[in-house]
Amino acid sequence: MDRSGQLLKITVAFGLAAVVWASCETASAQNQNWGGTYSGPNPQAQWANPGAQPGGYPNGYNNTAYDRTAQATSPGNPNQFRQGMPASGAPIPSSYPAQQQPVRPVQYTAPPVPTVQQPTQYAQQPTQYAQQPEYIQSPPAQYAQPGVQYETQPYPQAGYDDRPIRNFIAEPPVPQYPPGYVPPPGMINTGRPMGGAPIFDPPLGPDAFLGPNPAYDPARTADVIIQAEEAQTGRFQFGLGVNSDAGVTGSIVVDERNFDWTKTPTSFDDIWEGRAWRGAGQGFRIEAMPGSQVQRYMVSFSDPYLFDTRVSMNLSAYLFNRIYRDWDEQRIGGRVGFGYRLTPDLSTSVSLRMEDVDIYDPRVLGVQALDEVLGSNDVYTGSWSIVHDTRDIAFAPTEGHLFEINLEQAFGEFNYSRAEVDLRQYFLLAQRPDSSGRHTLGFSAKAGFSGSDTPIFENFFAGGFSTLRGFRFRRTGPKDGDVFTGGPFRLLGSVEYMFPITADDMVKGVLFTDVGTVEESTKIVWEDFDVSPGFGLRISVPALGQAPIALDFAFPVNRSDTDETQVFSFFVGAAR
């Protein structure tokens with residue numbers, strides 16, 4: 001045999017020797033644990049004949065030997081302590097004093113079955129009921145133990161439909177015995193619901209307990225009366241606003257958040273009492289916003305759970321009229337959209353936009369991009385968007401983020417693709433113990449790209465309160481002659497720190513820096529970026545609506561020679 005075969009035999013021999021040695025050490029350790037310095041009776045001998053030993057159990061038959069090895073190794077056996085109890089199933093340590101014996105188990109008997117007290121009206125039973133046999137409840141056959149006398153409890157007859165009154169008693173679990181194992185006589189076995197070695201005389205509490213089912217106990221029930229009143233779902237609102245981007249505007253709004261288009265009125269009372277067109281949780285809104293530079297009239301309908309599904313539907317029709325610096329624009333159209341909420345913060349939607357855009361009254365003629373679209377233009381687009389929004393307050397967020405992606409494709413008279421990304425992140429830096437006086441640091445970034453066939457009225461523009469503070473509305477970026485034409489690419493960014501000034505948080509201060517550019521191509525020229533740091537105030541007046549009054553002062557530090565600046569920008573609105 002070669003050397004490798006000899007080495008293999010030697011290795012196997014050493015392995016077998018190691019296994020035998022480990023087994024001997026384990027057996028020796030177990031003998032020391034069961035014996036050791038424990039001066040009391042030998043537990044193994046004691047358990048072998050419980051009736052003959054001083055520490056035996058009185059419930060067993062005297063001089064009857066049986067093997068309780070399964071009990072000794074079973075969690076919950078009597079070989080435990082009530083004070084300083086080791087892990088369940090562990091043997092008695094050798095250091096335990098001899099005068100303290102293991103806890104003797106107590107014979108467990110089922111609690112007596114309560115009798116039902118008869119009401120007074122049934123105290124005098126008719127004669128025919130007095131002689132009826134009593135109802136006796138006995139345990140099911142599969143739970144009967146040999147040699148055990150079960151007590152029976154009489155139940156009086158109820159007097160109603162001749163039916164006996166019974167208590168609903170929980171049945172003990174079926175014991176799981178090892179194959180061929182016979183329980184010792186004289187012991188009540190409660191069994192283990194999950195199987196394993198059987199246990200006897202529960203030492204610290206039964207695994208199964210017998211008693212009335214509390215679900216059927218009338219004393220544990222109570223009447224609860226809930227009084228609720230439906231909230232106001234309709235709103236009729238007047239408003240007045242003025243801002244540096246759109247001039248003076250007014251608004252008249254009729255808004256119903258519990259609309260039902262199928263619930264037509266059958267009488268004048270249905271309209272007067274508010275029962276008509278209500279009750280389905282749909283939304284209906286009519287808005288009229290006349291103004292000096294902007295006019296908008298819109299009717300919209302929404303169903304958040306279309307056909308009782310998680311799909312939402314939005315329909316709108318509108319008339320929009322806007323006076324810009326270089327031309328006037330009117331849009332008449334509508335939009336159909338369907339949305340789906342994936343999670344409480346994540347939603348997606350698709351929509352179809354159909355518009356007739358009329359460009360008229362140009363300030364300057366001879367600009368090709370403007371001259372090509374004068375008159376009526378048909379615009380049809382389909383778009384898909386996904387939004388993840390965790391902001392706490394939409395108008396003045398203090399924490400959370402907004403991430404939105406919108407992809408749009410135009411077809412028909414104009415054929416171009418469009419993509420926009422909007423990211424806003426707000427960090428809560430500090431606050432008072434009552435969650436007021438919040439200091440917030442916010443970052444925002446917007447990017448947009450549109451194809452080469454994009455008409456001038458669909459280009460991107462920048463400048464003004466909502467894009468670049470410190471510059472006049474839509475008066476930055478590419479310029480053809482004396483006309484701001486915008487561009488197919490835009491990139492905006494802003495950093496803003498908001499902090500409280502008054503203790504009631506009605507007045508807050510703002511420090512900010514706005515950065516942005518509009519280009520005729522996707523090539524970024526860093527020298528063309530407009531930069532304007534500044535400061536401002538936010539004044540919250542409940543009577544003026546949800547949006548606070550915004551007053552900002554911005555000072556451009558980098559700009560193009562053709563850009564028009566505006567240091568002060570503002571937004572003021574009031575609604576009732």
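All values derive from a computational prediction rather than experimental measurement.
- Q330 is listed as a side-chain neighbour of L319, based on a closest heavy-atom distance under 4.5 Å.
- Between T440 and E399, the side chains place no donor N or O within less than 3.5 Å of an acceptor N or O (distance only, hydrogens not considered).
- For the atom pair CE (M354) and CG (L352), the distance works out to 4.5 Å, reported to the nearest 0.5 Å.
- Residues V379 and E413 are not in side-chain contact: their nearest non-hydrogen atoms beyond the backbone lie 4.5 Å or more apart.
- For CH2 of W384, the number of neighbouring non-hydrogen atoms (other residues, nucleotides, ligands) closer than 6.0 Å is greater than 12.
- Here D270 does not pair with K263 in a salt bridge; the nearest charged N to carboxylate O distance is not below 4.0 Å.
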Verdict with reasoning, F460 to R418, per side chain to side chain contact (heavy atoms under 4.5 Å, CB included): CA-CA 11 Å; F460 293 106; R418 189 184 187 94; 3.3 Å; yes

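- Checked for salt-bridge contact, E458 and R331 meet the test: a charged N lies under 4.0 Å from a carboxylate O.
- F414 and P455 make their closest contact through CE2-CB, 3.8 Å (heavy atoms, listed as atom of the first residue, atom of the second, distance).
- Taking OG of S452 as the reference point, atom OH of Y416 lies at 12.0 Å (rounded to 0.5 Å).
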Test log, rule salt bridge (Lys or Arg N to Asp or Glu O under 4.0 Å), inputs D505 and R438: CA-CA 9 Å; D505 289 344; R438 295 191 163 195; over 6 Å; no

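- Remark: D434 CG is packed, more than 12 non-hydrogen atoms of other residues, nucleotides or ligands lying under 6.0 Å away.
- Rounded to the nearest 0.5 angstrom, I405 CD1 and T348 OG1 are separated by 10.0 Å.
- Judged purely by atom type and a 3.5 angstrom limit, T502 uses its side chain to pair as donor or acceptor with the backbone of V507.
- For the residue pair D269/S267, the side-chain donor-acceptor check at 3.5 Å is not satisfied.
- Stacking of R559 on the aromatic ring of F471 is not recorded, the 6.0 Å distance cut-off and the 45° axial limit not both being met.
- Counted by atom type alone, E355 and Y318 present one or more donor-acceptor pairs between their side chains at under 3.5 Å.
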Steps toward side chain to side chain contact (heavy atoms under 4.5 Å, CB included) verdict (L240, F238): CA-CA 7 Å; L240 179 65; F238 293 91; over 6 Å; no

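- Shown here is Y305, whose OH atom has no more than 12 heavy atoms of other residues, nucleotides or ligands within 6.0 Å.
- Classification of the F443-F427 ring pair by plane angle, with boundaries at 30° and 60°, yields perpendicular.
- Ring-plane geometry between F259 and F284 is classed as parallel, the angle between the planes falling under 30 degrees on a 0 to 90 degree scale with a further cut at 60.
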Working for side chain to side chain contact (heavy atoms under 4.5 Å, CB included), residues F473 and T467: CA-CA 9 Å; F473 178 65; T467 52; 6.0 Å; no

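- Of the N and O atoms on the side chains of D392 and T398, at least one donor lies less than 3.5 Å from an acceptor on the other residue.
- Within the cation-pi definition used here (under 6.0 Å to the ring centroid, within 45° of the axis), R325 does not qualify as a partner of F484.
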Derivation of the side chain to side chain contact (heavy atoms under 4.5 Å, CB included) call for L468 and L492: CA-CA 8 Å; L468 276 174; L492 301 173; 4.1 Å; yes

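- Interatomic distance, R285 CZ to S316 OG, rounded to the nearest 0.5 Å: 12.0 Å.
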Chi angles and distances behind the side-chain hydrogen bond (donor to acceptor under 3.5 Å, both in side chains) call for S376, D356: CA-CA 7 Å; S376 179; D356 175 66; 2.4 Å; yes

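- A cation-pi arrangement is absent between R322 and F457, since the terminal nitrogen or guanidinium carbon is not both under 6.0 Å from the aromatic centre and inside a 45° cone about the axis.
- In this structure the side chain of N321 never reaches within 4.5 angstrom of the side chain of Y297, judged on heavy atoms.
- Among F553, F499, F512, the one residue that satisfies the ring-ring contact (aromatic ring centres under 6.0 Å, His included) test with F535 is F553.
- To the nearest 0.5 Å, atom NE2 of residue H439 and atom CE of residue M498 are 12.0 Å apart.
- No side-chain N or O of T343 forms a donor-acceptor pair with one of D345 less than 3.5 Å apart.
- Taking CG of D480 as the reference point, atom OG1 of T562 lies at 11.5 Å (rounded to 0.5 Å).
- When all heavy atoms of E527 and N558 are compared, the pair lying nearest together is O-ND2, 3.6 Å.
- No side-chain donor from either of R469 and S532 sits under 3.5 Å from a side-chain acceptor of the other.
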